[in-house]
Amino acid sequence: MVVGVLVELSSKRIDKVFDYNVPLELESRISIGIRVIVPFGRMTLEGFVLNIKENSDVNRELKSIIDVVDCDVVLNDEMLQLGRIMQEKTISTLISCYQCMLPKALKAKNGSSINIKYDTFYRLGNVNNIKLNEKQNEIINKFKDNDLILRKDLVDISLSSLNTLVKKGVLIEEKKEHYRVSYNNTVYEKKELTVDQKQVVDSVINGCNDVYLIHGVTGSGKTEVYMEIIDHYLKMGKSSIVLVPEISLTPQMIDRFRKRFGDKIAALHSALSDGEKYDEWIRIIRKDATIVIGARSAIFAPLTNIGVIIIDEEHSDSYKQSDPSPRYNAKDIALIRGKTHKCPVVLGSATPSLETMARAKKGVYKLLSLPNRVNGRRLPDVEIVDMNQEMKKSKGHFSLRLISEIEDRLNKREQVILLLNRRGYSNFITCKNCGYTFKCPNCDITLTYHKSSNTLRCHYCGYGEKVYTNCPSCKENSLNRLGVGTQKIEEEINDIFKNARVLRMDYDTTSKKGAHEAMIDAFKKHEYDILLGTQMVAKGLDFSQVTLVGVINADTSLNIPDFRSSENTFSLLSQVAGRSGRSNKSGQVIIQTFNPDHYAIDLVKNHDYLGFYQKEMFIRRQLKYPPYFYICNIRICGRDASYIFDEALKIKKFFDNNLDNVIILGPSGSSLFRINNIFRYNIILKYKNDSSLYLVLNKIVNHYNSNNKIKLDIDFNPSQML
Ligand code: ADP
Ligand code: ZN
């Protein structure tokens, strides 16, 4: 037997499948999609078996594989095929596509080993004709009502007494794999769906396996709809995938799914350890879990017989992997898997991305609407506070309007959520006298101030330095901290509202495992009055006592040089507004801004998504941006800036000569021109159809493949234009 094995050669950006002989004793364990260990030059590598044949076409003596790694196939037929499509669509290597589909423990890499944990059980063996003493009989009696008893449950019994019984054959020891994630099933109260919800569910389950967009306002009961659809397919014996963006992968959402579906759920997200991820994956492969809920990469869950794929908050840019390659979008993968499994794909959002809504309007996707909150609850009233006027009267970052409303809620014993918008925002230090800013010596990035360690750090390469008191340039004592962090706002709150209990939720306070859950729990129990946080508090949270949402600074995300900055701002503000007034008490939202007339802020007032959509579509058409044009970004990187600039010019020329009807921009220095001493130039392509594009791009990639001085990153539909 000969097998073709795909190995990872990190030094080269090429895929190679090498033939190996299979020793006779390993033949029975070989199948396509399994990992094997092979000799490669002087190294031993792990690789995936991609094909099995009798003889090799190679005219030299083959080496033999050393061992087989897995018992179960890690890449099934569907995934093998999906990897090939991904490779083609993203112009990346096949091995990188397969690696990104798998949890760390199953990637074909050396040195990754996750120990499987076992639970020890005992069951009765042969008791007849064996003389036992009183104590031993006592042990045996425990097995009258239980076939299997966990070692841990045999309290007060020593291991040596158990071992004696095992030796006699009276007890049989069994080891079963112990899953690291535990589940407690709770009772679920099924909600009677509203007429609107029912209509949406029916359209999906009685439809023709189309792609659906559920445009439902915040609190319209989308999650209930998802669960009902999943339940329908579960009853047919089919599995489901639910994707949620990482930050909204709140414990609350998983909790609701767990309550309803118990241990049918496998949850895949970044808060799990590698071991936990591995366990969840194995539960999926063994069909113990048939409903997978997770962030981006959960789209690769090795489910068979999928009934539905649901993508919640479909507008979220977390579904796009920007780096490293393969730069795929989980939404595209969902569409491919939907076709393979002949199942519906459901996209849901209160603020759909323009691309998705445009497709829905054209009829490519079926549009379903939930225009109202459940049970006649109203959307909150939104008030915009013009900080240009208010600034003089405000205390710190709080306008008098916001202060008086917070006081009102505190008196009424209701809860408040405050958003500090830190999207595209940094905490940097500048000199008031000469304008000097601290930059990273390796990257062209302003250093960020970290209060806890009193250092300046680069978020790209990790470079750090101590904070000076005097400006290194003009030597004046005039350094000024710009920007504001959650810590500062927390201090202000404590100052203004002396008795308020504040809970701060940001990257720092939630980094410890379980911290996020504990905070949400505590806030739900009303142990705090005010929840202050970054983007984390904007999505997916459902607290019945929250009747006021305040946005400290709506503007920062508007200032990012990206064609999606208006869309992202509108969507963030709409999402956070949606946290207010979700139960019987009506809700209010106060947005503080320096740009009260900007349409992305003004249209939040009336929850006018469609108004925003029309306005923004008009601008996108003018500027030839998506969804009117597709965008592909070609990033040309290398250490020698002038060399790669020359090559970038050649590439542009090649595009000019070989691409028709494509707008070619650049090459221009990327806005992060230098990262870790690697220089970056971008060429941006705008196009309506990609007929010859792939051919041309592949030619260029192949041309530079063996050139170590230059690296090309190709990004279709990039989520950021940095
Ligand atoms: P969305 O995901 O659209 O923001 P949710 O599914 O979270 O909305 O629903 C908002 C709130 O309304 C939740 O507290 C949910 O439990 C409740 N809810 C949803 N559907 C119903 C229903 N049919 N009857 C009663 N309450 C419902
Ligand atoms: Zn740096």
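Atoms within a ligand are numbered from 1 in the order they appear, just like the ligands themselves. Fair warning: this is a prediction, and the values are worked out from it, not measured in the lab.
- Heavy-atom proximity to atom 20 (N) of ligand 1, evaluated over Lys191, Gln197, Glu313, is greatest for Gln197.
- Protein heavy atom at the shortest distance from atom 14 (O) of ligand 1 is Asp542 OD2, 2.6 Å.
- Salt bridge absent: Glu280 and Lys277 never bring a charged side-chain N and a carboxylate O closer than 4.0 Å.
- Nearest to atom 12 (O) of ligand 1 among the protein's heavy atoms is Val374 CG2, 3.3 Å.
- Among protein heavy atoms, the minimum distance from atom 4 (O) of ligand 1 is reached at Gly219 N, 2.9 Å.
- The side chain to side chain contact (heavy atoms under 4.5 Å, CB included) with Leu573 is formed by just one residue from the set Thr351, Val551, Thr593; it is Val551.
- Under 4.0 angstrom from ligand 1, the non-hydrogen atoms of Thr223 come from both its backbone and its side chain.
- Considering only non-hydrogen atoms, atom 1 (P) of ligand 1 lies nearest to Lys222 out of Arg377, Gln575, Lys222.
- Remark: side-chain polar atoms of His598 are paired, donor with acceptor, to backbone N or O of Ala600 under 3.5 angstrom.
- Listed by number with element, the atoms of ligand 1 under 4.0 Å from a non-hydrogen atom of Glu192 are 22 (C), 23 (N), 24 (N).
- Under 4.0 Å from ligand 1, the heavy atoms of Asn375 that appear belong solely to its side chain.
- Ion pair Arg401/Glu383 flagged as a salt bridge, since at least one NZ, NE, NH1 or NH2 atom sits closer than 4.0 Å to an Asp/Glu carboxylate oxygen.
- In terms of protein heavy atoms, atom 15 (C) of ligand 1 is closest to Arg256 NH2, 3.7 Å.
- We find the OG-CZ distance between Ser353 and Arg564 to be 8.0 Å, quoted to the nearest 0.5 Å.
- The protein heavy atom nearest to atom 10 (C) of ligand 1 is Arg582 NH2, 3.7 Å.
- Ranking the protein heavy atoms by distance from atom 19 (C) of ligand 1 puts Glu224 CG, 3.2 Å first.
- At a 4.0 Å cut-off, not a single heavy atom of Gly216 sits close enough to ligand 1 to count as contact.
- Residue Gly221 has at least one nitrogen or oxygen atom sitting less than 3.5 Å from a nitrogen or oxygen atom of ligand 1, judged on distance alone.
- Cation-pi geometry between Lys615 and Tyr599 is met: the NZ or CZ atom falls under 6.0 Å from the ring centre, inside 45° of the normal.
- Side-chain polar atoms of Asn305 and Ser239 form no donor-acceptor pair below 3.5 angstrom.
- Salt-bridge formation is not detected for the pair Lys605/Asp381: no Lys NZ or Arg NE/NH1/NH2 atom is positioned less than 4.0 Å from an Asp or Glu carboxylate oxygen.
- Shown here for Ile591 and Val382, the closest heavy-atom pair between the two residues is CD1-CG1, 3.8 Å.
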